[in-house]
Amino acid sequence: MTRAEGSATPAARPPDDGPQTARELRLARAGKRRPTRKAAPNPLREGLRLERMPDPALFVLFGATGDLAHRKVVPALFQLWRTNLLPHEFAIVGIGRRPYADEAFRAELRASLDAFSRVLPIEAAVWEAFGERITYHRGDFGDQALYDGLSARLDELDAQRGTAGNRLYYLATQPSAFAQIIGGLGRAGLDHEHHGGGWRRIVIEKPFGRDLGSAIRLNREVGKVFREAQVYRIDHYLGKETVRNILVFRFGNGIFEPIWHRRYVDHVQITVAESIGVEKRGSFYEEAGASRDFLQNHLMQLLALVAMEPPATFDADALRDEKVKVLRAMEPMAPADVAAAIVRGQYGPGWVAGEPAAGYRQEAEVDPESETETYIAARLFVDDWRWAGVPFYLRAGKRLPKRATEIAIQFKQVPHALFKESNADPEANLLALRIQPDEGILLRFAAKVPGLGVDVRSVNMDFTYGSAFSVDSPDAYETLILDALLGDASLFTRADEAEKAWSVVTPILEAWASASSTWCSSPPRARRQSMSST
Ligand code: BG6
């Protein structure tokens, strides 16, 4: 498994038609090449997306002057445009509170592309064609006049640009504005899909709610205006190549599935570690903390992909049905169990790469007495036939010693220690799926050390994407925006899925909110220092 064959990347490589066996090699050397062989098709092949061009559409971006739009959404759209994955009849309408002339708005986006585009330099001609498709519309999200004016503006643009009445609304705003915007769109009739008049879809960023109650209320507001099939709740982790590969790895190979089971697996560890702090998002973090920023979404999604049963078909609902079953099999934790199963921490001041780094409480827009967690570790169980009794250790945090997102499947020790006389006992088998950086898959197994004795050591078989495929992966936002434009919701969170994930996380938040279980056993300061990683 040190090299992978075939291609699962967007810039499709030609099938590997080189000699693959010793006989083929001999024939090739003798100038008698056998007919070329086609690479086996990948069941989740991106071709599904690449072979289909999205319909003409207007991309209506709420929060267009914000960080997310500039860093992620617009660079992803630009990349899709420059690789010919968007139709000619495509236009972007940015919406924000600040006043901008179209030209000034375009100039800001152009500057952001220089800073955040995955591919540089920006080709002038490509930008020109892309930039002239961008316009700006000013308005206050709480003011119904915005939506009424927008309705007329979008009709006008439809006529000018030939976008056939198709609209993707993208909410890249503060979460507190989601319900307001959805209500405004509904009152202006901007959700209506007239017969033959184009589709309407809405992408909603995370976090979706603050707890179970607010997620249910938000789903209700969304449901008053849009049908579930029109709604795309985004968790960008699901768009990452290596996360998507979990499904291929599990269900595209025959050899792992039988051992993906409590009989063979001792425990599973899912880690999302970041070396960065909260950067400029102090006020967001004060509201969210690691439990809302990572646990309810990224970590629970990774857990669901690892633990789910194989879906019968590869369509959005079959896939999401299986993920929801996993979340349903997770019993909400009793308050008394929270202290034993969940740990939280906060980073303190320290040093990063030889430079002093502020602690969380010293970050801008953070309360100097804040008790918000920037680290969380949880031991959770999936009570179903496959996983009963297997702990899933989930952890995530900021300002940890290195950036690493990884899923480790730790297998059980062999039942009988046959090589106990050996100098070093081998460790149990481990399968590590490295999501980022250094994307790849590692399998640890025992091997005999060459020599006259019977020394046994653990060795690694390591597959890395970089060396196997030698192509850049698309950014998660490129994948997800394209999917939303194509109407493929497989990699988006369904209403019941978001609520079920909150059912697991909310009891933890509630237990923390009660005085008795705050900060487990140690006082905040001692705990903060012990968790500090810098
Ligand atoms: C976001 C979180 O969802 O994911 C951030 O809000 C986090 O706090 C980010 O830094 C990590 O994303 P990535 O793609 O860099 O792993």
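Owing to the predicted nature of the structure, the values given are computational and were not obtained by experimental measurement. Whatever order the structure lists them in is the order used to number ligands and atoms, beginning at 1.
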Can we call the ring centroids of Phe59 and Tyr170 under 6.0 Å apart? yes
Ignoring hydrogens, just give me the one of Ile276, Val278, Asp293 whose non-hydrogen atom is nearest atom 2 (C) of ligand 1. Asp293
With a 6.0 Å cut-off (strictly less than), is the heavy-atom count around NZ of Lys323, excluding the residue itself, greater than 12? yes
Run the numbers for me: atoms of ligand 1, each under 4.0 Å from some heavy atom of Lys206, listed by number. 1 (C), 2 (C), 3 (O), 6 (O)
Residue and atom name of the nearest protein heavy atom (relative to atom 15 (O) of ligand 1), distance in Å to one decimal: Arg403 NH2, 4.2 Å
Do Glu478 and Arg118 meet the salt-bridge criterion of a basic N to acidic O distance under 4.0 Å? yes
of all protein heavy atoms, closest to atom 16 (O) of ligand 1 is Gln436 NE2, 2.7 Å
Glu123 and Arg82: salt bridge (charged side-chain N to carboxylate O under 4.0 Å, His left out), yes or no, with the steps? CA-CA 9 Å; Glu123 305 93 332; Arg82 69 176 281 284; 2.9 Å; yes
Kindly identify the option in Glu279, Glu274, His298, Lys240 whose heavy atom sits closest to atom 7 (C) of ligand 1. Glu274
Examine Lys398 against ligand 1 and note whether any of their N/O atoms are separated by less than 3.5 Å. yes
May I ask you to check whether Phe249 and Phe251 place their ring centers less than 6.0 Å from one another? no
Starting from atom 4 (O) of ligand 1, find the nearest protein heavy-atom neighbour and note its residue, name and distance. His236 CE1, 3.3 Å
